[in-house]
Each structure stands twice: as C-alpha cells, then as structure tokens.
J.: 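This is the structure I want to talk about, given as structure tokens.
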4 protein chains.
Amino acid sequence: MPIGFVQIPVGIVGPLLLDDYEYSVPMATTEGCLVASTNRGCKAIYASGGATSALLKDGMTRAPVVRFGSAKRAAELKFFMENPDNFDTLAVVFNRSSRFARLQGVHCSIAGKNLFMRFCCGTGDAMGMNMVSKGVQNVLEFLQNDFPDMDVIGISGNFCSDKKPAAVNWIEGRGKSVVCEAIIKEEVVKKVLKTSVSSLVELNVLKNLAGSAVAGSLGGFNAHASNIVSAIFIATGQDPAQNVESSHCITMMEPLNDGKDLHISVTMPSIEVGTVGGGTQLASQSACLNLLGVKGANRESPGSNSRLLATIIAGAVLAGELSLMSAIAAGQLVKSHMKYNRSSKDVSKVGS
Amino acid sequence: MPIGFVQIPVGIVGPLLLDDYEYSVPMATTEGCLVASTNRGCKAIYASGGATSALLKDGMTRAPVVRFGSAKRAAELKFFMENPDNFDTLAVVFNRSSRFARLQGVHCSIAGKNLFMRFCCGTGDAMGMNMVSKGVQNVLEFLQNDFPDMDVIGISGNFCSDKKPAAVNWIEGRGKSVVCEAIIKEEVVKKVLKTSVSSLVELNVLKNLAGSAVAGSLGGFNAHASNIVSAIFIATGQDPAQNVESSHCITMMEPLNDGKDLHISVTMPSIEVGTVGGGTQLASQSACLNLLGVKGANRESPGSNSRLLATIIAGAVLAGELSLMSAIAAGQLVKSHMKYNRSSKDVSKVGS
Amino acid sequence: MPIGFVQIPVGIVGPLLLDDYEYSVPMATTEGCLVASTNRGCKAIYASGGATSALLKDGMTRAPVVRFGSAKRAAELKFFMENPDNFDTLAVVFNRSSRFARLQGVHCSIAGKNLFMRFCCGTGDAMGMNMVSKGVQNVLEFLQNDFPDMDVIGISGNFCSDKKPAAVNWIEGRGKSVVCEAIIKEEVVKKVLKTSVSSLVELNVLKNLAGSAVAGSLGGFNAHASNIVSAIFIATGQDPAQNVESSHCITMMEPLNDGKDLHISVTMPSIEVGTVGGGTQLASQSACLNLLGVKGANRESPGSNSRLLATIIAGAVLAGELSLMSAIAAGQLVKSHMKYNRSSKDVSKVGS
Amino acid sequence: MPIGFVQIPVGIVGPLLLDDYEYSVPMATTEGCLVASTNRGCKAIYASGGATSALLKDGMTRAPVVRFGSAKRAAELKFFMENPDNFDTLAVVFNRSSRFARLQGVHCSIAGKNLFMRFCCGTGDAMGMNMVSKGVQNVLEFLQNDFPDMDVIGISGNFCSDKKPAAVNWIEGRGKSVVCEAIIKEEVVKKVLKTSVSSLVELNVLKNLAGSAVAGSLGGFNAHASNIVSAIFIATGQDPAQNVESSHCITMMEPLNDGKDLHISVTMPSIEVGTVGGGTQLASQSACLNLLGVKGANRESPGSNSRLLATIIAGAVLAGELSLMSAIAAGQLVKSHMKYNRSSKDVSKVGS
C-alpha cells in the first residue's frame with residue numbers, strides 16, 4: 001500500500017537520569033537544536049542527582065453517543081451505568097474484547113436526550129484505542145437488551161476525547177497521567193543553564209501560567225512539551241496525531257532552600273502511548289523502543305512497558321522545559337544589556 | 001548529529017479535486033486504513049464535482065512578555081503599539097528581519113504590569129517562526145529607547161501561542177486560516193459513503209458539536225482533523241509539534257436541496273506550514289512537496305506555495321472527515337441491526 | 001451594618017407545568033420583557049403538556065490546595081485520598097461538620113508538588129459552601145497526623161471551583177445537575193411562538209452550538225440561561241455571584257415526528273442553590289420560596305426542597321430559551337421581508 | 001407588571017482611594033461579611049496611598065449569524081466587512097441607531113457557510129446592548145442590497161458573546177476593559193491584612209494561577225471577583241446576568257522592593273456597565289449611582305460616567321481580592337498551628 005517512506009532524523013539525548021535509571025532517549029525531529037537543547041536539560045538534571053516520576057493513572061477511554069426518546073430515559077441509562085451494583089456485569093462484557101482489557105469505570109454525561117458514556121479501561125502495553133472500542137461495542141450490544149430504545153448514534157461521540165484538545169482529558173486524564181520532578185542545584189542553574197533560579201521562577205509564572213491564562217489556553221501551561229512529545233512519539237512508533245492531548249502539561253518552577261535551588265515539575269495527565277501494535281512494529285521504531293528497554297509487551301507485569309515509556313517521555317519533557325526556559329530567561333539578561341546575541345538566537349531556533 | 005533515521009510509510013490519496021485542480025496528497029502514517037479512508041473521502045468529493053477553498057488569513061505570530069513597574073506604564077506601551085500613527089515605524093523596524101517579513105499588526109494584552117504583545121506578520125513561503133522572532137527582537141530593541149524601563153522577561157510569553165491549545169489562535173488565527181467546502185450528492189453519499197445525508201447531519205451535530213461541547217473542547221469540533229494534519233505534516237517536512245493548533249477545526253454538515261444533498265465544510269483557523277526551511281529540505285519530504293507542486297519559495301507570488309499547501313491540507317481534512325463520519329454513521333445502522341461487522345470495525349481502526 | 005436596601009421588581013411567570021405540578025415562578029429583574037418572554041415560554045410548555053426534569057447529581061464541592069516537598073509525596077496523599085479503603089474514615093471526619101453533610105468523594109489533581117483535593121458532599125437543603133469548608137478543615141486537621149509535612153496553602157485552591165467559569169464544574173457538576181425537557185407541538189410553535197420547528201432547530205445548531213464553539217465558550221451553549229438564573233436567584237435569596245457557573249447550560253433542540261414537533265432540553269450541571277441560610281431568610285425572598293413551596297429545610301426528605309428549586313430553575317430556563325430562541329427565529333423571517341418591526345425589537349430588548 | 005419587590009441589603013465600603021479620588025462604594029448583598037471584608041481591602045489600599053486604574057478599551061459587541069449558499073460567499077462578505085475602504089460607509093449606517101453609537105470595528109469569524117460578524121461600538125454612558133442591536137439591524141438591512149443571498153439566521157449568533165463564558169470576550173474585551181493596581185506596603189500587609197507578602201504571592205500563584213489552570217478555567221484567574229461585581233451591579237442597577245463575563249479577571253501579586261512590598265493588580269477585560277437606562281433609573285439604584293457621582297449621562301464627556309463606574313468596580317474588586325486572599329493566607333498560618341479559629345471561619349464565610 002505505501003508508495004514509499006519519509007525519513008526523519010533521529011538524535012539521542014541523555015543520559016536522562018530518571019528514578020535511578022539512565023535512559024538514552026531517541027527523538028525524531030528535523031530541528032537539530034531541539035535535540036541539543038533537550039540534551040542540555042538532561043545534563044542539568046543528571047548533575048543535580050536525577051529526576052523522579054510518579055504514575056498517577058493509567059486508562060484509555062472511548063465514549064459513544066447514544067440517543068433516546070427522552071432525557072428521562074437517557075438519565076435512566078446513566079444511573080444504570082454508574083450504579084456500582086452493575087459494574088461487575090459491565091466489566092465482564094467489556095473485558096471480553098481482549099485479555100488485557102480491564103474496565104475501570106464509566107463516566108456518563110448528558111445533553112438532553114443524548115447520553116455520552118466515557119468508558120475508561122486498562123489496556124496492558126497497548127495504547128488501547130482498538131481494545132476499548134471493541135469493549136464499548138460489546139457493552140452497547142449487551143445494553144440493547146435492557147434498553148431496546150437506545151439508538152447508537154456513533155461509537156465515538158467526542159467525549160472520549162481523541163486527538164482534540166478537551167477539558168475532559170485535562171481534568172480526568174487519558175492514557176497515562178504522570179508527574180515528573182527534579183531539584184536543580186543553584187550551581188547547575190548557573191553553570192549549565194546560564195541563568196538564575198529567580199529568573200526561571202519568574203519567567204515560569206509570567207509565561208507558562210499568566211501568559212497561557214491570558215491566551216485562553218486549555219492544558220497548555222508549559223513552554224514546549226509538544227516538541228519533545230512529538231519527537232519521541234515519532235521515534236517510537238506512537239500515533240503523532242495524539243500529541244494534541246498527550247502534550248497537555250503544566251510546568252511548575254518553585255524556589256527551594258531560600259531560593260538557592262529550583263524545584264521543577266511537569267504534570268501531564270494524558271500521555272497516550274503503547275509498546276505493542278501500530279507503528280511500534282516497524283524496524284527503526286522498534287529499535288528505538290528497544291533502546292529504552294520497553295519494546296513489546298511486558299509479560300511479567302502487563303502494562304509496565306508502556307507506563308515506563310510514558311514516564312520517560314515526561315522526564316524528557318522536564319529536560320526540554322528546563323533548557324528552553326533557561327534559554328529564554330538568559331535571553332532576557334542579554335537583552336537587558338541591549339545586545340541580542342547567540343543565546344537569544346538559540347531561543348528563536350528551538351521555538352515554543 | 002543525528003544517529004540515524006526512522007522511516008514512516010507514505011501513502012498517496014487522491015486525486016483530491018480542489019479548486020479545479022487535482023492533487024495527489026502524500027500522507028506519512030503507520031495507520032494504513034487512514035490512507036484508505038481519506039482516499040474514499042477524496043473519491044466522494046471527486047464524484048461530486050470537487051471541493052472549494054478560501055484562504056481567510058495568513059500571518060504568523062510571536063508574543064514576547066515584558067514587564068514594567070506599573071500597569072499604567074504597561075498600558076502606555078499598549079497604547080503606543082496599537083496607535084495607527086506608530087504602525088509604519090514599527091513595521092519598518094520589524095521587517096528588517098527578512099525581506100519576506102511584513103508586519104500586519106500587534107495585539108496587546110495586559111496582566112497587571114506585564115504586557116503581552118502578539119505580533120502578526122506575513123512570512124512569505126516560510127512557516128515563519130524564526131522570521132517573526134527576529135522581527136520581535138528588532139522591535140524590542142527599538143522600544144528600549146522610548147521605554148527604557150521595559151523589562152523583557154521572555155521573547156515568548158505564550159500569548160503567541162505556539163504548540164499549545166489556546167483560544168487566541170482559535171479566535172484570531174495563526175499561520176493560515178482556511179475554509180474548505182464541498183457539496184456531496186445524495187447518490188454519492190449512498191453509493192460511495194454507504195450512509196445517508198440525514199445520518200451524517202445528525203451525527204455531526206451530536207458528535208462534533210454537542211459532544212465536543214460537553215467534553216469542554218477548545219477548537220476540537222471535528223472527528224479527526226489531527227490524523228490528516230499530522231500525516232501530511234510529516235510527509236512534507238512540517239513541524240509535527242505544531243499539529244496541536246494546526247488541527248483546530250470545526251466541521252459543519254448541513255442538508256441542501258430539501259435534504260437530498262450534503263454541504264460539508266471544515267474551517268481551520270491556524271494551519272502553520274511552510275514550503276521552505278526546516279524539514280522541507282530533506283530529500284523525501286522535498287519530493288512530497290514537489291508532488292503537490294508547492295516545493296520551495298514561489299518567486300512570482302511569495303507565500304502562495306505555503307498558502308496552497310494549507311488549502312490542500314484543509315481539502316484532505318475535508319475528505320478525512322467525510323469518510324470517517326460516514327463510517328461511524330454507517331456503523332450506527334449496522335448496530336441497530338445488532339450485528340457489529342466489518343464496517344464498524346473499520347471505524348475503530350481509523351480512530352478519532 | 002447595611003445602610004439601606006435596593007429594591008428589585010419581582011414578576012411572576014407561570015404556571016410552569018413541570019413534572020405534573022404547576023409552579024408560579026418569581027423573577028427579580030429590572031428587565032420587564034424578560035418576565036413577559038419567559039412567561040410566553042411557560043405558556044408554550046403548558047399547551048404542550050408540560051416539561052419533565054431529572055436530577056442527575058447533587059453535591060457541593062470545595063478544594064483546598066496543599067503543598068509538599070516533592071511531587072512524590074503529593075502523589076502519596078492523592079493515592080491515600082482516593083483509596084476506597086480510606087473513604088469511610090474520611091467520611092466520618094468530614095461529616096462532623098454538620099448533621100446534613102455527607103461526603104461523596106474526593107477528586108485529587110496534581111500540579112507538581114501541589115495537590116488540589118476536590119471534596120464533594122451532599123448538604124441537605126443548604127447551598128452548602130460553609131458546611132463543605134468546615135468538613136474540609138476537619139479532614140485537613142486529621143491528615144496532619146499522617147502527613148505532617150503537608151503544608152496547607154489555602155482552604156480554597158480554585159479547583160472547587162466557586163464563582164469562576166471552570167471546566168471542572170461543567171464536566172463533573174457542582175451543586176445540582178439537572179436536565180429538563182419538553183416536547184412542543186407543531187401548532188404551539190406556530191401559534192404561541194410564531195415560528196417553525198425547522199427554524200428553531202437550525203438556529204439552535206448555528207447559534208447555541210456552532211456560534212458558541214466559534215466564540216470559544218465554556219459551558220455557554222445556550223441563548224440566555226443566565227438571565228433566568230439570575231432573576232430567580234435574586235428573587236429567592238440565592239447568591240447571585242454563583243450564577244457564573246449555575247448558568248452553565250447546553251440547550252438542545254431536535255425535531256420529532258418527522259419534523260412536526262420539537263424536542264427541547266436544557267442540561268445544567270452546576271446549579272448552586274439552597275432553601276435555608278443566607279439570603280433565603282430575608283422576608284421577601286422567603287416569601288418567594290414559599291410561593292414555590294420550597295421554603296426552609298425539608299424534614300421528611302432533607303435536600304429535596306433545594307433539589308426541587310434547582311429543577312424549577314431549569315424548567316424556567318427551558319421556558320426562557322424556548323421563547324427567546326423563537327423571537328430570534330421569528331425576527332429572521334421578518335428580516336427576510338426587509339422590515340424590522342416590533343418582534344425584532346423585542347429580541348434586542350430581551351438580550352442574550 | 002411587577003407584583004412586588006425583593007429587598008437586598010446595601011452596605012457601603014470605603015473610602016476606596018482610586019486615582020486620587022475617594023469613593024464610597026455601595027454593595028448589595030445578603031452576605032454581610034463580604035462588605036466587611038471588602039472594606040478591609042479598601043483600608044489597606046488607603047493606608048498604602050491608593051490604587052490606580054487604566055481604561056484599556058470601551059466597546060459593546062453584538063454578533064449576528066448569517067448564512068450563505070457557500071463558504072466562498074460567506075468569505076466574500078467577511079472580506080467586505082473587514083476592508084478598511086468600507087468602514088466609513090458601514091459606520092454611517094450603523095451609527096444611525098443612536099447619537100451615541102460609534103462603530104469601532106467588525107470581527108468576522110466563519111464556520112463553513114455561516115458567518116458571525118462581531119460588531120464593536122462605543123455606546124456613550126449606556127451599557128449599549130440595545131443600541132448595538134439596532135445598529136446591527138441597520139447594517140444587515142443595508143447589506144441585503146449587495147448580498148441578497150445573505151440569510152439572516154439570528155440577530156445574535158453567540159459570538160457576541162453575551163451572558164456566557166467565552167474566550168472571545170476574555171481575549172478581545174467587551175464593554176470596558178480595565179486594569180487596576182496598588183502597591184501595598186509591608187507594614188500594611190502585616191497590620192491590616194494579618195499576613196505576609198511572601199504568603200500572598202505564593203498563594204496567588206498556586207490558587208489563582210495554577211489552581212484555575214488545573215480546573216480548566218476560562219478567565220477565572222482570581223479569588224472572588226464575581227462577589228464584588230455582583231454586589232455593585234445589583235446596587236447600581238446593572239444587569240446581574242452579565243456578571244458572568246463582567247467577572248472575568250486575572251489577579252496578579254508580585255513582590256516589590258526585594259519582597260518587602262506587594263504589587264497587586266486585577267485585569268478585567270469585559271466589565272459591562274451603564275449609567276443610563278435599564279435598572280439605573282430605579283430610585284434606590286439611582287441613589288447608589290449618585291453616591292458614586294456617576295448618575296446619568298455625562299454631557300461634557302459622553303461615556304465617562306460609565307467608564308468611571310467600571311474603574312470603581314475594578315478598584316473594589318482589587319480590595320476584595322486583597323482581603324480574601326489575605327484571609328486565606330492567614331488561615332494557612334493558623335492551620336499550621338493546628339487550630340482552626342475565627343480567622344479561618346471568616347474565610348469560609350466570605351466564600352469563593
């Protein structure tokens with residue numbers, strides 16, 4: 001079917017010291033300075049003792065839209081779906097879609113007589129959209145018995161929400177929810193990042209918090225998470241269209257130890273990744289997964305490969321945020337001296 | 001610098017009949033059925049006489065954040081920047097950054113004593129971020145004379161807004177703003193798309209409008225624009241991280257001729273593309289641009305190559321929306337007969 | 001303390017036929033035509049057999065923000081709070097705040113080392129903010145034992161979210177979540193509302209769905225819910241500052257019976273009302289509550305008075321939407337005849 | 001028509017020292033401690049030398065939705081409306097609606113073949129919705145000549161956007177856009193507000209910026225602007241339903257002079273007020289406007305009364321933010337000593 005291939009250059013950043021392991025992280029990008037910049041962030045993290053992550057949630061979602069003759073009936077199905085007594089039955093039906101599928105819950109939202117049911121489920125090491133869609137179909141078939149008047153309008157009703165910026169993902173998570181943090185020492189900020197803790201903290205408040213607030217952003221309280229997410233997604237065979245919500249990120253920078261050190265964190269509620277299926281099977285992408293030690297399904301602990309991949313992505317985003325924010329903050333100092341030199345050019349090159 | 005390459009399979013869809021020309025559109029994706037599905041959309045458009053597009057706006061943006069000692073002073077700079085009398089001077093300073101740069105306007109937003117100035121400018125056939133950043137630096141330097149108390153906090157203050165979902169892009173546009181439309185005849189809806197006009201119209205209201213509203217979406221009132229945008233971005237050497245806002249899209253479907261025919265449109269306010277610089281210079285990406293006839297800078301009419309690329313992307317999104325929505329709508333009919341067969345499996349495969 | 005009073009005129013609309021009961025609904029407003037317009041909506045509903053409502057949820061929320069030395073620790077508290085095993089203990093501690101308080105759940109969200117814990121609880125017939133705040137304080141005190149390193153930054157961290165437009169309320173609800181619907185017969189649409197079913201359906205898609213989408217609205221997919229909510233809030237002693245989120249509403253209009261009749265619904269996820277405490281105790285406000293039969297605490301079924309009040313508000317919003325949308329749709333017809341007469345003036349008077 | 005009145009208690013706060021004038025600000029509210037709290041904020045501002053404001057914009061908006069047979073045609077009208085050459089003609093037609101109406105511009109947004117035209121105009125001392133609606137009708141009639149195929153679907157298409165939370169208001173403003181600021185001295189923070197500069201700055205970042213970001217807020221980056229806006233709106237005869245967007249506010253707190261003093265600001269882009277028409281004519285409301293010296297139309301400088309009212313509201317919001325944030329920050333200190341006493345009760349009473 002394909003008539004050929006495009007080639008995307010791959011660079012390696014690292015070692016990314018994360019949760020006491022060292023990772024060499026592949027990034028596929030045509031922007032060379034993105035690799036260099038992220039690498040500088042890794043260096044700063046390494047010199048400060050490494051980054052730490054926590055996985056907050058792991059569940060893929062799909063939300064069909066069904067319609068009834070009345071809102072009253074739609075509400076009845078909502079109550080049925082959310083009744084704890086029915087959960088086990090629904091889970092059995094749903095989980096038939098795959099031996100890895102594990103229904104976690106159903107969040108129902110109503111618009112008149114239309115009901116949106118957001119199924120959330122564990123999907124092992126797969127990104128999981130197909131698995132969830134099949135599970136949803138199982139349940140819809142099952143429900144037709146008790147709710148014969150239910151009209152299935154679409155297997156996806158956009159309350160999922162896939163490949164669109166949507167508050168439901170930002171607030172409730174989709175795929176993997178991860179927080180990653182590091183404490184960057186004062187001397188590292190100065191020597192490696194060429195800026196100061198106070199400049200970074202200030203820039204973060206004005207750009208990543210206030211600036212994004214003024215812009216009416218949804219889940220975009222960061223400098224350039226999307227750059228790193230896209231590059232790793234492409235390198236490792238993920239679906240690059242899903243970087244829309246996988247890049248949701250709030251970057252926080254707070255002073256520690258009387259302002260001498262920097263606490264930086266990225267919180268990313270909806271990283272959608274898998275280590276089996278789709279583009280992960282292609283040769284070079286597979287090699288990149290292998291490089292990270294997360295190739296294929298984890299047999300001992302299903303899902304732990306894809307979860308690890310998500311935390312590595314968050315770790316790389318942490319490095320990327322640290323470096324670009326430093327470049328911008330350093331540009332500021334330069335500018336205050338009225339000369340725009342290389343360092344500020346670097347800023348414009350990396351983009352954000 | 002790069003240690004190697006990943007290869008992304010490229011498929012061709014088309015002919016996409018758009019504004020009376022036929023295009024073969026390259027899509028780089030690991031999801032084979034995405035190509036097949038978009039192709040079906042192209043076929044339906046072709047059989048109906050083609051699609052039409054209109055370019056609504058063309059301007060790249062960058063918004064630094066500067067700080068003063070008081071909001072009063074920040075307001076003074078805002079008034080200065082927005083005063084028509086000063087525009088010519090600012091434009092001269094700004095446009096020095098490139099012979100293609102054309103300042104169009106500056107939109108200033110205040111948060112206390114901090115001022116965000118969103119510069120918008122024409123950038124020829126380049127995507128234009130570097131050009132705009134340099135122009136912004138020129139202006140910031142220039143302003144230091146009259147506003148010596150201006151503290152440049154960051155060359156980017158996130159009011160730009162780059163690679164983040166933000167209402168400012170959705171409402172004011174960024175890069176190319178395009179609308180693309182087609183009238184799909186009743187018989188084509190039936191024979192090619194295997195569904196009905198009324199099913200499509202209804203699904204569009206419940207999924208793309210109401211569903212996205214319920215999900216708290218920002219600019220995601222579509223089925224899967226991101227799929228098509230990503231695939232063409234990667235094939236043609238665009239920055240895939242920018243698909244976050246380049247995928248903003250509202251898909252409308254309305255009945256025509258007493259409900260016999262279908263009017264479908266996609267409105268995309270912030271498609272960020274270029275045909276020079278960055279990844280467009282790589283061999284295979286360059287070949288893909290060539291295939292579309294938009295490679296490099298257009299010498300006769302600077303910017304027309306990149307604008308044409310944007311309209312082709314919108315045209316392909318139109319095809320993609322048409323096909324996936326039809327698959328979902330057809331799935332519905334199947335489901336009402338209580339059997340989930342191939343057509344509904346296709347739905348889950350294409351994703352969204 | 002008060003130096004005097006302002007007087008707000010009160011009009012009565014109705015009978016509002018809702019769930020087989022008739023209500024005379026007081027509206028305090030300086031806009032006379034708002035009362036007349038809403039009354040017309042009530043008339044149309046009455047003539048069509050009445051409206052029906054369903055209460056989807058009932059819980060007030062408060063979300064303190066606490067900070068730890070690390071995101072890891074913040075995550076530990078999140079896991080603790082969301083662990084079902086701990087719920088009973090937390091509920092006992094929380095519910096000491098009032099004999100009506102019933103903890104329903106805690107939704108925790110992280111931003112780096114800061115944790116936002118959104119407590120949701122039933123509050124009887126009170127709006128419940130004080131009750132919830134006290135319950136939260138109880139729990140925070142309790143948690144200090146096991147999490148002595150928890151730093152309470154604020155009893156409210158804006159993840160609540162009170163008196164601000166926020167997706168968390170729109171998606172998860174706050175106060176009462178209500179859907180209300182009616183089927184308006186063709187002849188009623190013509191004779192009472194002076195328009196047609198198809199005009200209303202079309203206007204609703206283009207204005208309340210597409211228009212609000214284009215405007216980047218959050219939960220404002222309606223014509224003028226805020227008008228009705230404000231007027232009843234003021235009449236019945238509610239907190240008018242809370243109409244910000246209490247007015248969140250998606251209005252749906254769908255054709256029934258081959259387009260002859262109209263199904264209209266309003267879905268409102270966050271109506272925040274009480275029938276005891278605050279302004280409900282003032283003489284005239286108390287009389288208005290009495291008029292609706294929801295004054296004070298319901299002894300037999302705590303909370304049912306405030307829930308009924310919420311459904312009546314939704315019913316009145318339904319009437320208001322029906323009438324204003326009809327006026328706008330009728331204005332269209334008039335305009336197509338090139339004369340802007342009384343009916344279109346009415347439109348501008350009612351506002352939206 | 002009205003069957004009676006509800007009475008809302010009015011308290012006075014002040015003197016609010018703003019732009020070198022002292023104001024006694026009436027607040028109509030059933031929440032007594034709101035008045036006391038705001039008064040404390042006024043006291044702190046007074047003791048620090050007063051607050052300063054700047055009016056950034058003044059223009060009311062209305063956006064009809066019209067439909068064409070094609071997006072191409074809709075785009076043609078968009079280009080026509082936005083063409084500077086046509087502005088004078090459109091302005092003459094529009095401004096016939098009132099001797100105070102002054103068309104400022106038209107922002108057009110497209111969704112397929114539907115066009116939303118957001119007219120913005122100066123309205124003297126009136127809030128201006130009626131004036132703008134009439135002007136819009138004038139223009140629509142006028143346009144029918146050159147665009148006879150234009151189908152006016154609704155005089156309001158929700159891109160206005162009135163009484164709904166919408167990014168378009170947040171980003172482009174509606175009514176009056178105001179920023180108000182003050183520098184609060186260290187000793188005042190300690191003695192009057194019972195907290196510290198660093199606590200306030202920190203709380204503001206975590207609650208008003210990060211917390212609202214996490215909640216998916218739109219324009220709600222404040223503690224309780226809605227409380228103050230509602231209370232003054234009701235006291236002065238404004239439309240309380242418009243507090244939805246009039247309460248949009250970002251509150252910034254930044255340390256000055258090495259962290260000894262506090263710079264606080266509120267930026268409010270869409271305060272919708274008038275001093276003539278509507279509820280301003282009622283006796284007690286009129287008296288409240290008189291108390292502020294902004295009653296009726298300003299003959300010498302049309303519009304300056306309503307603009308002054310907007311700045312006073314912003315000044316009062318500044319006071320309200322200062323006081324509630326201090327109460328919350330102080331509550332934190334108390335809590336760290338494990339005793340929840342009066343001051344923290346005050347917090348829960350004021351709400352937000």
Side-chain angles (χ1 to χ4, degrees), chain C residues 1-12 28 30 32 65 109 111 114 129-130 133 137 152-155 157-159 161-168 203 206-207 210-212 214-218 220 226-227 230 235 240-241 244 278-279 284-285 328 331-332 335 340 347-348 351-352, chain D residues 1-12 28 30 32 65 109 111 114 129-130 133 137 152-159 161-168 203 206-207 210-212 214-218 220 226-227 230 235 240-241 244 279 284-285 328 331-332 335 340 347-348 351-352:
Chain C
M1 189 91 130
I3 57 112
F5 295 87
V6 287
Q7 290 192 319
I8 317 278
V10 174
I12 302 284
T30 60
V65 52
S109 210
N114 310 289
M129 286 287 286
N130 286 352
S133 294
Q137 287 179 354
V152 179
I153 300 295
I155 183 77
N158 278 15
F159 189 56
S161 180
D162 193 44
K163 300 173 185 170
K164 269 93 65 182
V168 72
L203 176 64
L206 294 184
K207 173 187 169 70
S212 289
V214 167
S217 183
L218 173 69
S226 174
N227 269 334
S230 289
V244 172
S284 44
Q285 288 83 337
I328 296 177
Q332 169 204 1
K335 268 163 252 156
Y340 294 85
V347 173
S348 64
S352 87
Chain D
M1 190 91 129
I3 58 112
F5 296 87
V6 286
Q7 292 194 318
I8 317 278
V10 174
I12 303 284
T30 60
V65 52
S109 211
N114 310 290
M129 286 288 286
N130 286 351
S133 294
Q137 287 178 356
V152 178
I153 300 296
I155 182 77
S156 161
N158 277 15
F159 188 55
S161 180
D162 194 44
K163 300 172 186 170
K164 270 91 65 183
V168 73
L203 177 64
L206 295 183
K207 171 187 171 69
S212 288
V214 167
S217 182
L218 172 69
S226 175
N227 269 335
S230 289
V244 172
S284 45
Q285 287 85 335
I328 296 177
Q332 168 204 4
K335 268 163 250 155
Y340 295 85
V347 174
S348 64
S352 90

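As a basis for the values below, the full set of heavy atoms in this structure was taken, side chains included, without hydrogen atoms, waters or symmetry mates. Order of the sequence lines fixes the chain letters, A, B, ..., with proteins taken first and strands second; residue numbering starts at 1 for each chain.
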J.: With chain C, which of D:Gly220, D:Pro165, D:Gly279, D:Ser109 has the greatest number of heavy-atom pairs at distances under 4.5 Å?
T.: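 Max contact count across the listed options: D:Pro165.
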
J.: C:Ala111: what forms a side-chain contact (heavy atoms from CB on, under 4.5 Å) with it, not counting sequence neighbours?
T.: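 With sequence neighbours excluded, C:Ala111 shows a side-chain contact (heavy atoms from CB on, under 4.5 Å) to A:Ile250, A:Met252, C:Phe116, D:Val214, given in chain and number order.
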
J.: In terms of heavy-atom pairs under 4.5 Å with chain C, which of D:Ala235, D:Ala28, D:Ser212 leads?
T.: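 Ranked by contacts with chain C, first place is D:Ser212.
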
J.: Are the side chains of D:Ser156 and C:Lys207 in touch, meaning some heavy atoms are under 4.5 Å apart?
T.: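 When only atoms from C-beta onward are counted, C:Lys207 and D:Ser156 do touch, with a gap below 4.5 Å.
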
J.: Would you compute the distance between atom CG of D:Asn227 and atom NZ of C:Lys163 and round it to the nearest 0.5 angstrom?
T.: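 The CG atom of D:Asn227 sits 3.5 Å away from the NZ atom of C:Lys163.
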
J.: Under 4.5 Å, counting heavy-atom pairs only, tell me which of C:Gly216, C:Ala215, C:Ala167 racks up the most with chain D.
T.: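 Option with the greatest count: C:Ala215.
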
J.: Could I get the full list of side chain to side chain donor-acceptor pair (under 3.5 Å) partners for D:Ser217, not counting sequence neighbours?
T.: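 For D:Ser217, no residue satisfies side chain to side chain donor-acceptor pair (under 3.5 Å) once neighbours in sequence are set aside.
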
J.: Taking the side chain from D:Ser226 and the backbone from C:Ala241, do they hold a donor-acceptor pair closer than 3.5 Å?
T.: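 Pair found, side chain donor or acceptor close to backbone of C:Ala241.
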
J.: Quick one: what part of D:Ser230 sits under 4.5 Å from any heavy atom of chain C, side chain, backbone, both or neither?
T.: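 Contact with chain C involves the side chain of D:Ser230 alone.
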
J.: Measure from the side-chain N and O atoms of D:Gln285 to the backbone N and O of C:Gln7, and report whether any donor-acceptor pair falls under 3.5 Å.
T.: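 Side chain of D:Gln285 to backbone of C:Gln7, a donor-acceptor pair under 3.5 Å: yes, one is there.
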
J.: Going from CD1 on C:Ile8 to OG on D:Ser284, what distance comes out if it is rounded to the nearest 0.5 angstrom?
T.: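 So the CD1 of C:Ile8 and the OG of D:Ser284 are separated by 7.0 Å.
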
J.: Distance check, rounded to the nearest 0.5 Å: C:Asn114 atom CG versus D:Leu206 atom CG?
T.: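 Rounded to the nearest 0.5 Å, the CG-CG separation comes out at 4.5 Å.
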
